[in-house]
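Just below is one structure, and these are the notes that go with it.
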Amino acid sequence: MRRTRANTVRIIGGVWRSRILKFPDAADLRPTPDRVRETLFNWLSRTLAGAACLDLFAGSGALGFEALSRGAASVVMVEKDAAVLRALRENATKLGAMNLTVVRGDALEFARGARSPFDIVFVDPPYRLGLHAVALGLVAGLLAEDGRVYVESHAIIDPPRGWDILKHARAGSVHFHLLRRKPDGQSGVPGNV
């Protein structure tokens with residue numbers, strides 16, 4: 001059995017503020033930096049309370065656990081790496097996380113088969129795989145009315161037709177975006193978050 005080194009990430013706000021999450025080394029696993037999460041959750045501050053969230057490429061779980069800590073009603077995390085999945089479940093137990101569902105599986109396959117609507121979807125796949133456009137196409141049908149999608153990438157994204165970028169920022173080499181589906185007939189002018 002290969003030995004994995006434990007890495008850590010800190011929850012930065014809400015009821016679990018300053019709690020530390022451990023996760024193993026895994027290919028392409030890089031938690032969303034504190035500065036990025038702080039900005040993202042400021043953007044979501046008016047929509048997060050009571051929201052149903054999907055953390056599609058969960059990894060360390062930093063986004064999903066942060067959402068629960070700050071008042072989301074529920075979070076579904078999808079992860080296919082067995083060691084990372086085990087760490088997510090251990091962290092959930094350590095925090096006493098209620099209303100959390102951890103699913104072992106491929107993120108895109110999960111999105112193809114899911115039926116429940118989500119208010120907020122986090123899309124942070126391994127950068128090198130270039131899955132943003134495919135993931136956006138799949139989650140479009142999973143969004144509740146006026147739902148939001150967070151996308152993290154190594155470059156600014158060009159969203160597929162039918163999407164508005166509401167917010168975009170950059171921290172170092174990380175570009176992050178908040179998107180929503182354009183309502184039918186909308187001109188494409190970004191709305192308020």
Side-chain angles (χ1 to χ4, degrees), residues 6-24 26 29-79 81 83-104 107 110-111 114 116-125 135 139 142-153 165-172 174-180 191-193:
N7 300 295
T8 61
V9 65
R10 179 179 60 93
I11 296 175
I12 56 176
V15 297
W16 297 325
R17 183 181 181 157
S18 298
R19 299 287 297 270
I20 302 296
L21 306 175
K22 293 181 181 178
F23 60 93
L29 196 156
R30 43 156 188 75
T32 300
D34 287 6
R35 189 168 126 200
V36 173
R37 279 185 286 130
E38 188 64 43
T39 300
L40 167 63
F41 285 97
N42 283 340
W43 291 348
L44 294 173
S45 64
R46 292 188 298 168
T47 58
L48 188 60
C53 301
L54 172 60
D55 192 352
L56 199 52
F57 299 85
S60 70
L63 294 172
F65 286 120
E66 192 78 47
L68 280 174
S69 180
R70 292 173 181 247
S74 64
V75 172
V76 174
M77 293 182 181
V78 182
E79 177 57 50
D81 183 280
V84 175
L85 187 78
R86 195 166 35 257
L88 289 172
R89 290 183 173 145
E90 288 168 3
N91 285 323
T93 299
K94 178 174 125 180
L95 294 171
M98 306 300 290
N99 301 319
L100 171 65
T101 304
V102 180
V103 176
R104 182 176 186 180
F110 177 88
S116 299
F118 294 97
D119 301 299
I120 300 168
V121 178
F122 302 108
V123 176
D124 183 14
V139 302
L142 299 178
L143 281 180
E145 186 176 341
D146 207 31
R148 302 287 192 258
V149 177
Y150 167 77
V151 177
E152 188 174 313
S153 64
I165 295 180
L166 299 173
K167 300 278 187 178
H168 166 260
R170 179 179 173 200
V174 177
H175 287 263
F176 52 110
H177 316 73
L178 191 63
L179 294 87
R180 74 167 178 185
N192 294 328
V193 176

For [X], check side chain to side chain contact (heavy atoms under 4.5 Å, CB included) against everything at least two apart and list the hits.
| X | result |
| --- | --- |
| A144 | P117, D119 |
| S45 | none |
| A49 | none |

Roughly how far apart are [X] [atom1] and [Y] [atom2], rounded to 0.5 Å?
| X | Y | atom1 | atom2 | answer |
| --- | --- | --- | --- | --- |
| R19 | L95 | CZ | CG | 5.0 Å |
| T93 | L88 | OG1 | CG | 11.0 Å |
| R17 | I11 | CZ | CD1 | 12.0 Å |

pair S153-H177: side-chain heavy atoms closer than 4.5 Å: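 The answer is yes; the side chains approach within 4.5 Å.
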
Whether S69 side chain and V15 backbone form a donor-acceptor pair below 3.5 Å: yes

Of all residues at least two apart in sequence or in a different chain, which pass the side chain to side chain donor-acceptor pair (under 3.5 Å) check with [X]?
| X | answer |
| --- | --- |
| H175 | H168 |
| N91 | none |
| S74 | none |

Set of salt bridge (Lys or Arg N to Asp or Glu O under 4.0 Å) partners for R10, sequence neighbours left out: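 Scan of R10 (salt bridge (Lys or Arg N to Asp or Glu O under 4.0 Å), adjacent residues dropped) gives D34.
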
Chi angles and distances behind the side-chain contact (heavy atoms from CB on, under 4.5 Å) call for R89, L85: CA-CA 6 Å; R89 290 183 173 145; L85 187 78; 3.4 Å; yes

Member of L178, L142, L143 meeting the side-chain contact (heavy atoms from CB on, under 4.5 Å) criterion with V149: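 Between V149 and the candidates, side-chain contact (heavy atoms from CB on, under 4.5 Å) is satisfied uniquely by L143.
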
Residue from V75, L54, V78, V76 passing side-chain contact (heavy atoms from CB on, under 4.5 Å) with T101: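 The residue from V75, L54, V78, V76 that satisfies side-chain contact (heavy atoms from CB on, under 4.5 Å) with T101 turns out to be V76.
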
Using a 3.5 Å cut-off and no angle test, enumerate the donor-acceptor pairs between side-chain atoms of residues 57-67 and protein atoms at least two apart in sequence or in another chain.
residue: S60; atom: OG; partner: A62; partner atom: N; Å: 3.2
residue: E66; atom: OE1; partner: I12; partner atom: N; Å: 3.0
residue: E66; atom: OE1; partner: R37; partner atom: NH1; Å: 2.8
residue: E66; atom: OE2; partner: I12; partner atom: N; Å: 3.3
residue: E66; atom: OE2; partner: G13; partner atom: N; Å: 2.8
residue: E66; atom: OE2; partner: R70; partner atom: NE; Å: 2.9
residue: E66; atom: OE2; partner: R70; partner atom: NH2; Å: 3.4

Contact summary for A171 and V36, nearest pair of heavy atoms: CB-CG2, 3.6 Å

Nearest non-hydrogen partners of A73 and G50, listed with the distance: CB-O, 3.4 Å

CA sep, side-chain torsions, deciding dist, call: Y150, I120, side-chain contact (heavy atoms from CB on, under 4.5 Å): CA-CA 8 Å; Y150 167 77; I120 300 168; 5.6 Å; no

Sequence neighbours excluded - salt bridge (Lys or Arg N to Asp or Glu O under 4.0 Å) pairs with any residue from residues 92-104: none

All pairs passing salt bridge (Lys or Arg N to Asp or Glu O under 4.0 Å) where residues 51-63 contributes a residue, at least two apart: none

Chi angles and distances behind the side-chain contact (heavy atoms from CB on, under 4.5 Å) call for C53, L68: CA-CA 9 Å; C53 301; L68 280 174; over 6 Å; no

Partner set under ring-ring contact (aromatic ring centres under 6.0 Å, His included) for F118, not counting sequence neighbours: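 Here no residue qualifies.
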
Test side-chain contact (heavy atoms from CB on, under 4.5 Å) applied to L40 and T32, step by step: CA-CA 10 Å; L40 167 63; T32 300; 5.8 Å; no

